[in-house]
Amino acid sequence: DAKTTQPPSMDCAEGRAANLPCNHSTISGNEYVYWYRQIHSQGPQYIIHGLKNNETNEMASLIITEDRKSSTLILPHATLRDTAVYYCIVRAWYNNNDMRFGAGTRLTVKP
Amino acid sequence: NAGVTQTPKFQVLKTGQSMTLQCAQDMNHNSMYWYRQDPGMGLRLIYYSASEGTTDKGEVPNGYNVSRLNKREFSLRLESAAPSQTSVYFCASSTQERENSPLHFGNGTRLTVT
């Protein structure tokens, strides 16, 4: 069973912020939210993860709602190279076999 | 550091043939994984290895075997390939020792079974 729900596709203008939503209403207390992306047919690339606090790194920001039932990945200044499929995954960090990739959101950044 | 290296990059097999997909990582990670990705779909876990000497089934293990040869290498074997195994295969590794342990992926092996 899918643990997350994401829109199948989104568009974003180059230079604008891309906000990618994810619903994870059944998330457990020990589960983190992870985001990966896959460009063309390359291997997925880790972006960011968080438990309950907002997180930021050089690639993106992650906003998790207070009830932890949803989150938003923010790419502050999207570029054409950010066009990719973005996956939102929830899992307990110690569970080796629980990284379930759904269909993700296909983000297209347009000039 | 090369990260996670997969060989070969492309392979075409006839139904019933066998082959082994190779994966090696140079990050001293304990855990390694094999995923498959079918067109338009997300990745599905085939097998994983939490540490050297251990392997466990994932979501779609039927038709595959694995070997954790040492800490660096984790191979995936198809004993009798079937057209349903046409897919892109990704190997990944992680430390799995702390919460900040993302998966690092190779660039995949594109397998076609005719």
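No hydrogens, no waters, no symmetry mates; every other heavy atom, side chains included, goes into these values. Chain A is the first sequence line, chain B the second, and so forth, proteins listed ahead of strands; every chain is numbered from 1.
Under the 6.0 Å cut-off for aromatic ring centres, A:Y46 and B:F105 do not qualify, their centroids lying 6.0 Å or more apart.
Across A:Y87 and B:L43, no two heavy atoms sit closer than the pair OH-CD1, 4.3 Å.
In terms of heavy-atom pairs under 4.5 Å with chain A, the best-connected choice from B:R110, B:Q6, B:M41 is B:R110. Contact count versus chain B (heavy atoms, under 4.5 Å) is highest, among A:G104, A:G102, A:P44, for A:P44.
Around CZ of B:R77, the count of heavy atoms belonging to other residues, nucleotides or ligands within 6.0 Å exceeds 12.
Placement of A:F101 and A:V33 in two distinct hydrophobic clusters is found when ILVMFWY residues are connected by side-chain heavy-atom separations under 4.5 Å, directly or transitively. The hydrophobic clustering, which links ILVMFWY residues whose side-chain heavy atoms are closer than 4.5 Å, places A:L51 and A:I27 apart. Hydrophobic clustering places A:M10 together with A:L62 (ILVMFWY residues linked when any side-chain heavy atoms are closer than 4.5 Å, directly or through intermediates). Side-chain heavy atoms closer than 4.5 Å link hydrophobic residues (I, L, V, M, F, W, Y) into clusters, and following such links, even through other members, never connects A:L75 to A:I63. Linking ILVMFWY residues whenever their side-chain heavy atoms come closer than 4.5 Å, directly or via other members, places B:L76 and B:M32 in the same cluster.
Within the 4.5 Å cutoff, side-chain heavy atoms of B:F90 are placed close to those of A:Q38. For the pair B:H104/A:Q45, no side-chain contact is recorded, criterion being any heavy-atom separation below 4.5 Å from C-beta on.
From B:L103, atom CG reaches atom CZ of A:R91 across 6.0 Å, with rounding to the nearest 0.5 Å.
Neither the backbone nor the side chain of B:R44 comes within contact range of chain A; no heavy atom of the residue lies under 4.5 Å from a heavy atom of that chain. Contacts of B:Q37 with chain A are made by side-chain atoms alone, with heavy-atom separations under 4.5 Å and no backbone atom involved.
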